[in-house]
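First the proteins, then the strands, lettered A, B, ... as listed; each starts at 1.
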Amino acid sequence: MNLRVNPMDNRYDPKRIEPKWQTVWDANKQFKVDEDPSREKYYLLEMFPYPSGKIHMGHVRNYTIGDVIARYKRMRGFNVLHPMGWDAFGMPAENAAIANNTHPAAWTYANIDAMREQLKRMGYSYDWDREFATCAPDYYKWEQWLFLKMLEKGMAYQGESYVNWCDTCQTVLANEQVEAGECWRCGNPVRQKKLTQWFFKISDYAEDLLEYCDRLAGWPEKVTTMQKNWIGKSMGAEIRFQVEDSDRAIDVFTTRPDTIFGATFMCLAPEHPLVRALSRGTGLEADVDAFVERMALQSRSDRMLENYEKEGLFIGAWCLNPMTGRRMPIYIANFALMEYGTGAVMSVPAHDQRDFDFAKKYGLDIVVVIRPYDTPVEQVARTEAYVEDGVLVNSGKFTDMDNKAAQEAITDYFEKNELGRKAVSYRLRDWGISRQRYWGAPIPVIHCESCGAVPVPEEDLPVVLPEDVDLLEGGRSPLETTEAFVQTTCPKCGGPARRETDTMDTFVESSWYFERYCSPHFDRGMFDTGAVGYWMPVDQYIGGVEHAVMHLLYSRYFTRVLKDIGLVDFKEPFTRLLTQGMVCKETVQCPEHGFLYPEETRYDGDQPYCGFCNQKAAVGRVEKMSKSKKNVIDPNVLLDEYGADTVRLFCLFAAPPERSLEWSEQGVEGGFRFLNRIWRLINHWHADIQKVRPFDGDPGELDGAAKKLFSKTHQTIKKVTTDIEERFHFNTAISAVMELVNAMYAAELDMAHAHSASVMRHAVESVILLLAPVVPHITEELWEALGNEPGKLSSAWWPAYREDATISETRLMVVQVNGKVRGRFEVSADADDDAIKEKAMADENVRRFTEGKDIKKIIVVKDKLVNIVV
RNA sequence: GCCUGGGUGGCGGAAUUGGUAGACGCAAGGGACUUAAAAUCCCUUGAGGCUGAGUCCUCGUACGAGUUCGAUUCUCGUCCCAGGCACCA
């Protein structure tokens with residue numbers, strides 16, 4: 001190889017360098033990949049964005065972390081799939097379209113263009129040939145196809161149920177989309193509404209999804225714990241309570257069958273089907289109906305209030321305690337939830353706080369059936385429910401039994417006598433996917449008056465979302481009134497029929513997009529099973545922790561459905577998961593103008609002033625960047641000022657990925673300074689090193705400053721490699737490179753010595769290679785300036801370290817006396833313990849602490865320290 | 001209330017298996033260069049103490065105990081912060 005001689009600018013100019021290399025990467029399709037069975041694959045995926053129009057710092061952080069890993073793995077020789085696309089359906093498009101008098105599609109595609117541009121400016125190494133938007137018919141066609149398969153298998157079904165309804169968004173929300181009683185999107189209160197909905201039967205997989213949580217070794221425990229809690233498995237019993245003077249019975253689910261002898265009344269959810277039936281003929285019908293009506297209107301946000309009062313109403317009927325025969329009045333209660341268990345609660349006021357409160361309010365009997373282990377039953381206080389373990393009392397033949405044992409024994413008794421059975425209950429609900437919105441994938445069903453809900457025949461897919469519609473104020477879906485779409489014929493009987501006008505929850509699109517990336521243009525199915533077989537599962541998935549439950553759980557569920565259909569042969573789509581922390585910044589508030597954007601603030605030292613009125617503004621707490629708090633930084637502004645490499649460097653250096661990142665203008669400045677420092681360093685050595693090859697001889701051939709630098713270089717390579725490989729701790733990896741750069745500045749190389757220049761070149765190349773994944777533009781430029789082939793850095797090999805060069809021949813030993821450091825000395829690596837002890841004892845300062853004292857013990861920790869115990 | 005994280009200098013953060021607490025960066029202070037400033041380069045920087053300003057001493061990783069020759073790291077208890085769940089029977 002002929003080493004070229006390339007000139008080098010004196011000044012680091014990202015504005016020139018960055019577009020240059022982005023153009024090269026684009027033109028070469030440098031990051032395009034194909035299946036190659038001869039190479040080990042690595043699928044790196046970041047959660048794709050909703051095309052809102054602009055990337056924000058959260059995206060920048062997420063995608064930077066991902067890009068560094070992708071580039072690193074490429075340098076390690078992996079065949080890396082690193083795609084990007086758009087989660088393009090969803091409500092903001094409709095709202096924006098109404099506000100700006102455009103079409104959601106036009107708005108969405110314009111946003112995609114703008115954001116793609118921004119991502120390219122960041123220098124991310126995507127295979128852009130795989131890009132797609134989920135709003136494209138050739139994407140959602142296959143989603144509709146899967147829906148039909150699920151319908152066939154009973155995995156998708158139509159059901160009538162109370163749903164979370166947002167009046168503002170005019171649509172249904174999944175439980176996961178309701179946050180503290182409010183809509184996750186618009187923040188308005190959510191109320192209960194009865195509607196016919198399409199559901200996916202995720203509950204069929206509750207147990208499997210739960211079980212596999214513990215096998216997701218590459219996931220943060222935090223996330224699997226959240227999923228486990230969300231699935232919410234409870235073990236208990238289902239028990240049948242006979243209604244007095246009736247052949248009806250009420251089934252309840254309880255986790256505390258051991259407290260059955262203390263059950264003194266029954267609570268039903270207002271929506272419970274027996275409520276009406278049992279209240280008939282009691283003279284209380286009118287009151288009961290009114291109560292049920294009122295509860296249905298009660299919004300979820302009301303129910304969430306702290307002071308939310310337990311309320312109930314006796315419905316005029318009794319049931320019988322199967323153990324004691326006691327007449328238990330039946331109530332409807334607002335705290336009983338129809339969605340959980342059987343919608344009926346056996347109330348044991350002595351041992352459940354809610355039941356206790358309810359009993360107190362309505363003057364119902366409280367019967368103690370468990371006493372604490374160390375308290376006789378007479379002394380049990382009755383100021384609150386006793387929910388701990390204890391010994392059964394007043395419980396017939398089970399009295400004196402430990403309550404844990406009694407749970408088993410009583411359940412067995414029920415099973416023998418056919419009064420109940422062991423039961424498991426999950427908190428997880430089926431996934432309601434119907435949305436009364438326009439901008440989503442149409443549900444491929446046709447409603448026929450004689451045939452009912454009929455699936456659209458496969459050959460008629462996709463059911464294309466019509467573009468020519470009139471968007472309506474208030475957000476009602478225009479599909480219902482678009483006759484050209486709605487009116488059709490029944491595929492079964494040929495008679496006139498109407499299309500389903502609901503569209504699918506956008507979480508459906510994001511539940512399989514990672515498979516689509518494997519063969520994004522495949523037109524004979526959801527994906528090419530060969531390609532998916534090669535690339536999937538995703539080796540490393542990266543995204544915000546806000547998707548810990550919904551998106552990740554749905555994706556795990558969909559993968560199971562695909563496996564059962566026979567399209568994939570794995571259950572878990574994401575082998576490793578990294579949830580990056582939030583990007584935060586302090587808020588600034590003017591007493592008159594409220595929160596201020598950074599560009600509306602003027603600083604005098606640390607003191608901000610309002611840009612409108614010049615008053616002193618108050619610095620608030622450090623919080624997650626959000627438009628409402630105006631503590632946001634626009635990535636474009638940073639790109640203009642510092643360039644992509646600086647932004648990338650700062651995002652990685654300021655904190656480890658999983659922790660939150662506090663924004664600091666000075667920190668960014670520091671990153672920029674570091675890049676300049678590297679530039680100047682290499683510029684300084686440029687002439688001396690461009691005609692030599694990096695030193696690759698034996699460390700034994702070196703001495704003095706050259707040897708030290710060579711050793712530091714290899715130590716740095718080792719440190720950076722393990723920091724990235726084992727824990728993605730880029731912050732410490734970068735600081736290691738900073739140390740090396742400092743050492744290079746300090747190195748007093750004797751240029752008369754034969755190896756000095758090549759040792760320096762080795763150090764320079766190492767810095768470039770180690771930083772290549774982090775700051776790809778400046779490193780490509782420097783790589784070229786050193787005479788290497790232009791544009792080839794991203795496919796260069798990650799540097800290797802030689803162990804023998806990382807180890808120095810002497811060790812710095814610390815001497816402690818009774819665990820306190822009293823001295824330190826250098827010792828050769830092969831010194832034996834006795835020699836080390838002797839040297840330690842000889843230390844002048846150590847002697848001051850050992851003189852005249854009994855030496856009890858001397859502990860020598862190899863290569864580290866000596867501790868003298870006196 | 002329950003479940004997860006977390007608490008280390010003026011600040012962001014290091015310390016990978018129990019072994020020199022504070023790497024690296026920021027900020028601050030000092031010096032060099034300059035007519036000057038910026039930029040750059042170098043030095044200092046946890047707090048306190050001092051007979052011999054040192055290869056010095058004491059204290060110090062939210063707080064209180066414990067295990068250990070030795071604890072930021074392990075155990076128990078307490079406090080605070082962040083996130084998640086929240087009438088789930």
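Nucleotide B:C63 forms a Watson-Crick or G-U wobble pair with B:G77, both donor-acceptor distances falling under 3.5 Å. Across all strands shown, B:A89 has no partner, as no Watson-Crick or G-U wobble contact with both distances under 3.5 Å is found. Pairing for B:U58 goes to B:A47, judged as Watson-Crick or G-U wobble with the two contacts each under 3.5 Å. Base pairing annotation: B:C2 forms a Watson-Crick or G-U wobble pair with B:G84, both donor-acceptor distances under 3.5 Å. Pairing for B:U35 is absent, judged as Watson-Crick or G-U wobble with the two contacts each under 3.5 Å. A 3.5 Å limit on both hydrogen-bonding distances identifies no Watson-Crick or G-U partner for B:G18.
Between A:Asp357 and A:Lys361 there is no salt bridge, since no side-chain nitrogen of the basic residue lies less than 4.0 Å from a carboxylate oxygen of the acidic one. Look at A:Lys712 and A:Glu739 and you find a salt bridge, because one of the NZ, NE, NH1 or NH2 atoms lies within 4.0 Å of a carboxylate O, short of that distance. Here A:Lys233 pairs with A:Glu207 in a salt bridge; the nearest charged N to carboxylate O distance falls below 4.0 Å. Note on A:Lys422 versus A:Glu238: no salt bridge recorded, every NZ/NE/NH1/NH2 to OD/OE distance being 4.0 Å or above. Residues A:Lys629 and A:Glu623 are paired through a salt bridge, judged by an N-O separation under 4.0 Å between the basic side chain and the carboxylate.
Distances shorter than 4.0 Å separate none of the side-chain N or O atoms of A:Arg659 from OP1 or OP2 on B:G7. Between A:Arg677 and B:G25 there is no side-chain polar atom (N or O) within less than 4.0 angstrom of OP1 or OP2. A:Lys820 has a side-chain polar atom (N or O) that falls below the 4.0 Å cut-off from OP1 or OP2 of B:C59. Proximity of A:Arg429 to the phosphate of B:C88: no side-chain N or O atom is located under 4.0 Å from OP1 or OP2.
Distances from the side chain of A:Glu739 to the nucleotides B:C24, B:C57, B:G5 place B:C24 closest. Proximity note for A:Ser234 (side chain, C-beta onward) versus B:A89, B:C57, B:C26: the nearest is B:A89. Looking at the side chain of A:Arg680, the nearest of the listed nucleotides B:U40, B:G5, B:U58 is B:U40. For A:Arg673, whose side chain is taken as the heavy atoms from C-beta onward, the closest listed nucleotide among B:C57, B:C26, B:C41 is B:C26. Taking every side-chain heavy atom of A:Phe653 into account, B:C24 is the closest of B:G84, B:G13, B:C24. Checked against B:G13, B:C59, B:G5, the side chain of A:Glu221 finds its nearest nucleotide in B:G5. Closest to the A:Arg354 side chain, of the nucleotides B:C3, B:A89, B:G12, is B:A89. With distances taken from any side-chain atom of A:Gln666 to the nucleotides B:G12, B:C26, B:C41, the minimum falls on B:C26. Of the candidate nucleotides B:G84, B:A86, B:A89, B:A86 has the atom lying nearest to any side-chain atom of A:Arg427.
Across the protein-nucleic acid pair, A:Trp679 atom CH2 and B:U40 atom P stand 16 Å apart, rounded to whole Å. In this structure, CG of A:Asp357 is placed 14 Å from C1' of B:A89, rounded to the nearest angstrom. For the pair A:Ile678 CD1 and B:G25 C1', the interatomic distance rounds to 13 Å; values are reported in whole Å. Between the CE atom of A:Met582 and the P atom of B:G5 there is a distance of 17 Å, rounded to whole Å. Across the protein-nucleic acid pair, A:Asn845 atom CG and B:C57 atom C1' stand 9 Å apart, rounded to whole Å. Here B:A27 presents its P atom at 15 Å from CD of A:Glu586, a figure rounded to the nearest Å. Computed from coordinates, the A:Phe730 CZ to B:A14 P distance equals 13 Å when rounded to whole Å. Between the NE2 atom of A:His547 and the P atom of B:G83 there is a distance of 17 Å, given to the nearest Å.
No close placement of the A:Phe653 and A:Phe730 rings is indicated, their centers lying 6.0 Å or farther apart.
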Show the numbers, then the answer: is there a side chain to side chain contact (heavy atoms under 4.5 Å, CB included) between A:Leu553 and A:Leu428? CA-CA 11 Å; A:Leu553 192 63; A:Leu428 183 70; 3.9 Å; yes
Candidate pair A:Tyr386 and A:Val369, rule side chain to side chain contact (heavy atoms under 4.5 Å, CB included), full reasoning: CA-CA 10 Å; A:Tyr386 178 74; A:Val369 291; over 6 Å; no
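Residues A:Glu221 and A:Lys228 form no side-chain contact, since every pair of their non-hydrogen atoms from C-beta on lies 4.5 Å or further apart. When side chains are defined from C-beta on, A:Thr264 does not count as touching A:Val348, because their heavy atoms never get closer than 4.5 Å. Looking only at side-chain heavy atoms (C-beta outward), A:Asn731 and A:Leu652 stay at 4.5 Å or farther from each other. Taking 4.5 Å as the limit, every side-chain heavy atom of A:Phe261 sits out of range of all side-chain heavy atoms of A:Val367. Contact check for A:Met328 versus A:Cys319: side-chain heavy atoms found under the 4.5 Å cut-off. By the 4.5 Å heavy-atom criterion applied to side chains, A:Pro657 and A:Leu578 are counted as neighbours.
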Tabulated below should be each protein N or O lying under 3.5 Å from an N or O of nucleotides 44-48 of chain B; please produce it.
none

Could you list, one pair per line, each protein nitrogen or oxygen that sits under 3.5 Å from a nitrogen or oxygen of nucleotides 66-68 of chain B, together with the distance?
none

For nucleotides 28-32 of chain B, tabulate all protein N/O to nucleotide N/O atom pairs closer than 3.5 Å, reporting atom names and distance.
none

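With no hydrogens or angles considered, a side-chain donor-acceptor pair links A:Ser203 and A:Asp430 at under 3.5 Å. No side-chain donor-acceptor contact under 3.5 Å links A:Asn683 and A:Arg11.
The residue among A:Met338 and A:Glu662 whose nearest nucleotide of RNA chain B lies closer to the 5′ end is A:Glu662. The residue among A:Tyr426 and A:Thr225 whose nearest nucleotide of RNA chain B is located toward the 5' end is A:Thr225.
Of the residues A:Thr254, A:Thr259, A:Asp258, the one that meets the side-chain hydrogen bond (donor to acceptor under 3.5 Å, both in side chains) test with A:Arg256 is A:Asp258. The one candidate from A:Arg576, A:Gln580, A:Met47, A:Arg61 that meets the side-chain contact (heavy atoms from CB on, under 4.5 Å) condition with A:Ile542 is A:Gln580.
B:C26 and B:A39: their P atoms are spaced 12 Å apart (whole Å). When the C1' atom is compared between B:A82 and B:G25, the two are found 25 Å apart, to the nearest whole Å.
In terms of heavy-atom proximity, A:Ile717 sits nearest to A:Ser766 at CD1-OG, 3.7 Å.
Residues in residues 660-684 of chain A take part in these ring pair (Phe, Tyr, Trp, His ring centres under 6.0 Å) pairs, two or more places apart or across chains: A:Tyr12-A:Phe672, A:Tyr12-A:Trp679, A:Tyr642-A:Phe672, A:Phe650-A:Trp663.
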For nucleotides 15-20 of chain B, 5' to 3', base contacts (B), sugar-phosphate-only contacts (S) and non-contacts (-) with protein non-hydrogen atoms under 4.0 Å give SB--BB
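Residues from residues 740-749 of chain A placing a heavy atom under 4.0 Å of any atom in RNA chain B, listed by number, are A:Asn742, A:Tyr745.
Base orientation at B:G9 is syn, since its O4'-C1' glycosidic dihedral falls within 90° of 0.
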